[in-house]
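Encoded as structure tokens, the structure appears first; notes follow it.
This one's a predicted model, so the numbers in the text were calculated from it and none came from an experiment. Below, chains carry the letters A, B, ... as their sequence lines are ordered, and counting in each starts from 1.
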Amino acid sequence: MARGISRPLLIATGLVVLGLASWAAHAHSRSSARVQTHATPAHKPASVASPALSQAASSPATPPAAVPNSSSVLEPGKPFSTRVVAYQIEARLDPSKHSIAATETLTYHNLTGQPLQTFPFHLYLNAFQPQSTWMTEVRLNGTRGTQAGEAWNPKHFGSITVTKFAVEGMGDLTGKMEFAHPDDNNTLDKTVFQVALPKPIAPGESVVFHIAFNDIMPEVVERTGYKRDFYMVGQWFPKVGVWWKGAWNCHQFHATTEFFSDFGTYDVKLTVPKDEITGAGGDLVATTDNSDGTKTLEYKSEDVHDFSWTASPHFTDVEDSWSGSAGIVKIHLLMSPGHMSTAPRYLAAVKGTLEKYDEWVGPYPYDRITVVDPPHGGFDAGGMEYPTLITAGTTWDMPKDMLVPEVVTEHEFGHQYWYGMVATNEFEEAWMDEGINSYMEVKVMDALYGKNSFFKFPFAQLSEDEEQRLSYLSLPDADPLTRLGWKFINDQSYGGISYGKTATVLLTLEKMLGEEMMRHVMHEYFLRYRFTHPTGEDFLKTIEDVSGQNLRWYFNQAFYGTQVLDFEIEDAHSDRLNWWEDEKPGTKDQTYRTYVTVQRKGDFIAPVDVLVRFEDGKSVTEHWDGKDRWIRYSYIGKSKLASAVVDPGHTYWLDRDFFNNSYVVKPDSRATHKLENLWMFAVEWVSQLTNWLT
Amino acid sequence: MASARPKAFLEGAGLVWRRQRVVWLIYFFTLLLAFLSTRGLVQRTAHVLDHSAESASRLVHGFDISAFLELQQIPQSPLTGSNDIFGVAPVISLLFLIFVTGGVLAVYYRDESLPFGPFFEACGDHFWRFLRLLIYFAIAMIPVLILVGVTSAAYHHIDEVSVSPLTAVRFGFVAGIILLLLAMVIRLWFDMAQVIAVAEEERAMHRALRQAARLLARNFLSLFWLYLRISIVAVAVFALGLYIWMVVFRPESIGNAFILGQLLILWWIATRLWQRASEAKWYWEFRGSQPASVPVWTPPPSPVAPPPPAPAPASGVPA
């Protein structure tokens with residue numbers, strides 16, 4: 001999911017607004033930090049309501065059980081994944097009521113190695129009910145597009161109701177359905193239900209569920225719903241949990257978390273009005289015109305873990321294709337009215353991203369990708385990933401130098417790898433999909449669009465790596481990366497840490513290991529864990545395996561800790577040795593004692609280089625282990641100090657404050673004057689606006 | 001009426017040029033206000049940036065937005081001080097402009113440079129009157145603000161129900177132009193009331209407003225076209241200047257940017273005064289063109305300066 005889609009769009013109102021907004025955000029971050037709710041430590045298992053839904057916590061000390069074989073090649077005709085589930089869904093859209101009536105047949109293969117008797121299911125759409133956990137969290141901290149405590153438009157309510165639940169060979173078990181709330185004991189939350197079967201399903205056996213359900217779609221919220229006659233239908237059907245780490249993993253829907261599911265196959269028949277133009281996360285295999293003014297479209301999808309679809313009578317379908325190492329990929333771009341000028345930009349972004357991922361990470365094995373451009377007013381449906389279908393976002397007046405459509409497209413496509421194929425648990429380890437994807441976003445956007453790949457106006461620029469770092473710095477020390485997704489102190493911390501910090505931590509790691517090595521890491525990680533559910537430790541272990549280095553000192557602070565890194569040149573100056581004598585002008589034969597004091601202001605301990613330059617052009621590079629809080633270097637020589645810089649290569653992209661990393665003796669006030677110009681002009685102009693009132 | 005005084009537009013510009021001391025007075029006051037109100041901010045920023053190698057690469061050679069935002073986020077951010085009068089400057093400016101408007105209009109109406117004493121005497125004489133007028137202006141703008149609210153609601157409704165985003169945008173554009181023109185008419189009305197207050201030594205602002213309303217109603221096209229033309233020229237040149245600043249100038253051209261920025265402020269001040277000068281000139285000519293049955297107004301004698309000279313024959317203005 002794109003954290004920032006609404007933010008850049010707001011920024012589009014102008015850079016002055018951007019500055020003010022950021023100022024406000026800064027103030028907000030400071031006030032938010034005063035919240036005195038005690039954080040749940042990282043890796044502490046969530047409260048468990050039912051043993052059947054217990055989820056084991058990942059531990060930094062727990063090594064992966066076995067390293068998958070990364071040399072395995074995907075063979076055409078053979079499943080890419082271990083197919084645990086097979087969904088057959090028949091659904092009918094009623095646009096007049098914004099509702100969907102559907103039946104679902106789910107075949108679940110018990111590959112857990114043990115008998116299973118209780119099965120949990122997600123009912124995500126019930127999050128949009130007044131007393132759900134999702135809504136409670138939104139009221140507290142806000143979420144994308146909704147501020148904390150903000151009035152809630154009733155159009156955004158939505159729901160899913162299971163009207164019948166039967167199991168083949170066991171009969172109708174509708175009466176045995178019970179809601180479960182493993183994360184917070186909110187008995188009013190209805191986003192998870194479970195059913196205890198009359199008899200267990202033996203290992204290796206399958207069970208077939210027959211479910212009938214009705215959806216009431218909300219006006220777009222949290223990337224699903226309708227806007228006028230546009231539909232983005234995601235997280236819309238009862239979905240079984242994942243047996244993971246020896247227990248069911250089926251979390252409630254939270255304001256900040258996303259999803260986690262097993263791989264399988266989807267065979268979905270959608271009945272919609274004839275004039276609808278549709279797109280879905282599957283191949284369209286059949287279309288039937290019905291006598292009642294509707295049509296039925298049949299989609300099939302394999303080796304994916306979700307299915308979403310979209311419909312609107314106003315889409316313009318733009319088709320293209322791209323050829324990569326795994327074959328031809330058909331690109332469907334569904335453009336909303338007024339946005340056609342962005343279509344070439346979307347296409348360039350999706351093709352460029354396919355190219356870079358194919359080159360750097362691994363092949364894209366699916367034969368399709370659908371990009372949905374939500375209509376105006378429907379931005380809450382934008383910036384979301386589903387297997388082989390992504391939603392982007394633009395405006396009718398998107399400036400060419402503001403690369404928001406490109407960033408969102410790249411980011412959501414990246415999720416085809418980090419979420420789609422490397423199917424991590426988004427509830428528990430959000431950094432593994434959002435953060436790793438944000439790191440790759442920096443790499444791909446820079447490769448495709450140059451250094452300033454966020455804004456590239458002639459008068460102002462913003463690079464992707466800086467954008468990620470800024471996001472992290474907005475609230476750097478409240479939560480570790482590894483915090484369970486719904487346990488972050490607030491939405492700002494969740495976004496800044498899961499996306500921004502992970503990207504910044506990995507950019508720092510790249511500086512430490514080298515770009516080529518990091519590329520090997522990402523490639524190896526993908527090959528090892530595609531079509532599986534790896535943990536954070538699997539990723540970290542892959543880094544150590546590939547690099548051959550023990551990086552625990554870094555992982556423990558950057559991934560598992562909340563330490564903040566901040567080096568500073570605390571003092572740097574030269575003093576004449578014969579200081580008690582008057583300095584004679586023009587005298588060259590002077591000897592100076594130069595001091596450089598470096599301070600570690602943050603609590604993140606890391607070794608660092610210090611570059612000291614003298615006026616005669618000579619320089620010295622010191623290496624400090626960074627363990628103490630400060631270190632002082634002194635030199636005696638014929639030349640005075642020119643500058644001192646700690647971490648001159650910006651290895652630590654994590655550094656909270658780059659401005660205090662250097663001290664240049666000869667002041668350069670051009671930057672100050674530039675800002676002074678702007679501020680004075682702003683004050684003068686605003687003052688003179690009043691001239692038009694008097 | 002419109003054809004009776006076709007040269008007020010250019011004559012107003014000439015008047016601003018001839019009596020440019022008032023432009024400089026307002027400009028230097030604004031500059032001083034901006035300078036003082038940003039001192040704390042600039043000094044704190046200098047403390048962070050001037051000795052940092054980071055600042056030149058990120059803020060001088062280009063404008064790295066992240067560097068600016070980072071300045072806000074660092075622990076000892078220079079941008080979060082509380083001793084600035086940054087936000088108060090527009091209020092001070094507003095009061096100052098209300099104060100000087102009486103003097104400015106006296107200068108323009110008489111077309112003479114008033115010495116220090118009479119100028120500020122005229123300023124003081126009209127300060128409270130124009131402050132009352134500002135309150136009336138705020139009241140007069142209430143219907144406009146209500147219309148803005150209604151238009152905004154209509155815009156959102158159209159945006160909500162329209163398939164194309166452009167439907168609402170077009171509506172908003174047209175409605176915005178209409179509302180802007182309406183606001184300009186109201187401003188022009190009050191501008192003329194100010195001219196009448198100075199020219200007629202009118203103390204009762206409600207009478208000045210009534211008189212100005214009648215005047216505006218009878219000479220609407222002439223007056224409004226005069227006001228609108230100057231506004232268009234002002235905004236067009238200002239926009240061109242901003243374009244040059246942002247797109248044409250190299251990021252390192254800090255000195256040039258400063259000069260251009262100040263020229264734009266000077267232009268902004270001068271064009272507003274151009275409107276006032278043109279309005280004063282228009283009224284002066286209007287009074288001169290009235291039939292003899294209407295008492296001919298004589299400007300009050302200045303304690304120092306002689307009465308205003310008769311218009312030069314070359315100007316073609318009726319005597």
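In terms of modelled atom types and a separation under 3.5 Å, the side chain of A:Asn691 and the main chain of B:Arg272 share no donor-acceptor contact. Within the 3.5 Å criterion, the main-chain N or O of A:Val664 finds a donor-acceptor partner in the side chain of B:His51. Of the possible donor and acceptor atoms, none in the side chain of A:Arg670 sits under 3.5 Å from a partner among the backbone N and O of B:Val60. A:Gln688 contributes no side-chain N or O that, together with a main-chain N or O of B:Trp268, makes up a donor-acceptor pair within less than 3.5 Å. Remark: side-chain polar atoms of A:Gln461 are paired, donor with acceptor, to backbone N or O of B:Phe63 under 3.5 angstrom. Between the side chain of A:Arg228 and the main chain of B:Ser162, a donor-acceptor pair closer than 3.5 Å is present. A donor-acceptor pair under 3.5 Å links the side-chain atoms of A:Lys674 to the main chain of B:Pro251, judged by distance alone.
Proximity to chain A is limited to the side chain of B:Gln275, based on heavy atoms less than 4.5 angstrom apart. For B:Leu49, the parts lying under 4.5 angstrom from a heavy atom of chain A are both the backbone and the side chain. For B:Leu273, no part sits under 4.5 Å from any heavy atom of chain A, backbone or side chain. Contact of A:His314 with chain B is made through the side chain alone, with heavy-atom distances under 4.5 Å. Of the two parts of B:Val91, neither the backbone nor the side chain holds a non-hydrogen atom closer than 4.5 Å to a non-hydrogen atom of chain A. Only the side chain of A:Leu675 comes within less than 4.5 Å of a heavy atom of chain B; its backbone N, CA, C and O stay farther away. For chain B, the nearby parts of A:Trp685 are the backbone and the side chain; heavy atoms of each come within less than 4.5 Å. Looking at B:Phe137, only its side chain comes within 4.5 Å of chain A, counting heavy atoms on both sides. Looking at B:Leu242, the atoms closer than 4.5 Å to chain A (heavy atoms on both sides) all sit in the side chain, from C-beta outward. With a 4.5 angstrom heavy-atom cutoff, B:Ala67 touches chain A via backbone and side-chain atoms both. Contact of A:Leu689 with chain B is made through backbone and side chain together, with heavy-atom distances under 4.5 Å. Contact of A:Ser669 with chain B is made through backbone and side chain together, with heavy-atom distances under 4.5 Å. For B:Phe238, the part sitting under 4.5 Å from any heavy atom of chain A is the side chain, from C-beta outward, and nothing else. For B:Leu94, the parts lying near chain A are the backbone and the side chain together; criterion is any non-hydrogen pair under 4.5 Å. Looking at B:Thr101, only its side chain comes within 4.5 Å of chain A, counting heavy atoms on both sides. Of the two parts of B:Leu133, neither the backbone nor the side chain holds a non-hydrogen atom closer than 4.5 Å to a non-hydrogen atom of chain A.
Note: B:Phe68 CZ to A:Leu678 CG = 8.0 Å, rounded to the nearest 0.5 Å. Interatomic distance, B:Ser66 OG to A:Arg469 CZ, rounded to the nearest 0.5 Å: 7.5 Å. The structure places CG of A:Asn677 at 11.0 Å from OG of B:Ser253, a figure rounded to the nearest 0.5 Å. If you take OG on A:Ser471 and CG on B:Leu69, they are separated by 11.5 Å, rounding to the nearest 0.5 Å. For the atom pair CG of B:Leu59 and NE2 of A:His673, the computed distance is 13.5 Å after rounding to the nearest 0.5 Å.
Across all non-hydrogen atoms, the minimal contact from A:Ser662 to B:Ala53 is OG-N, 2.8 Å. Contact detail for B:Pro90 and A:Thr690: the closest heavy-atom pair is O-CG2, 3.8 Å. Of all non-hydrogen atoms in B:Ile265 and A:Glu684, the two that sit nearest each other are CD1-CB, 3.7 Å. Here the shortest heavy-atom pairing between B:Leu33 and A:Ser687 reads CD2-OG, 4.1 Å. In this structure, A:Val683 and B:Thr38 approach most closely via the heavy-atom pair CG2-CG2, 4.0 Å. Across A:Met680 and B:Leu31, no two heavy atoms sit closer than the pair CE-CD1, 3.6 Å.
For the pair B:Arg58 and A:Phe659, the distance from NZ or CZ to the six-membered ring centre is under 6.0 Å and the angle to the ring normal is within 45 degrees.
Crowding of B:His61 atom NE2: a count of heavy atoms from other residues, nucleotides or ligands under 6.0 Å exceeding 12. Heavy atoms of other residues, nucleotides or ligands lying less than 6.0 angstrom from CZ of A:Arg613 number 12 at most.
In this structure, A:Asn661 and B:Glu54 have side chains that are not in contact, with every pair of non-hydrogen atoms separated by 4.5 Å or more. The closest side-chain heavy-atom distance from A:Pro458 to B:Met246 is not below 4.5 Å. Counting heavy atoms from C-beta outward, B:Pro75 and A:Arg656 have side chains that approach closer than 4.5 Å.
Residues A:Trp679 and B:Phe35 keep their aromatic ring centres 6.0 Å or farther apart. Ring centers of B:Trp245 and A:Phe459: at least 6.0 Å apart, outside the cut-off.
Per-residue heavy-atom pair counts under 4.5 Å with chain B were compared for A:Asn660, A:Asp668, A:Leu462, and the maximum is reached by A:Asp668.
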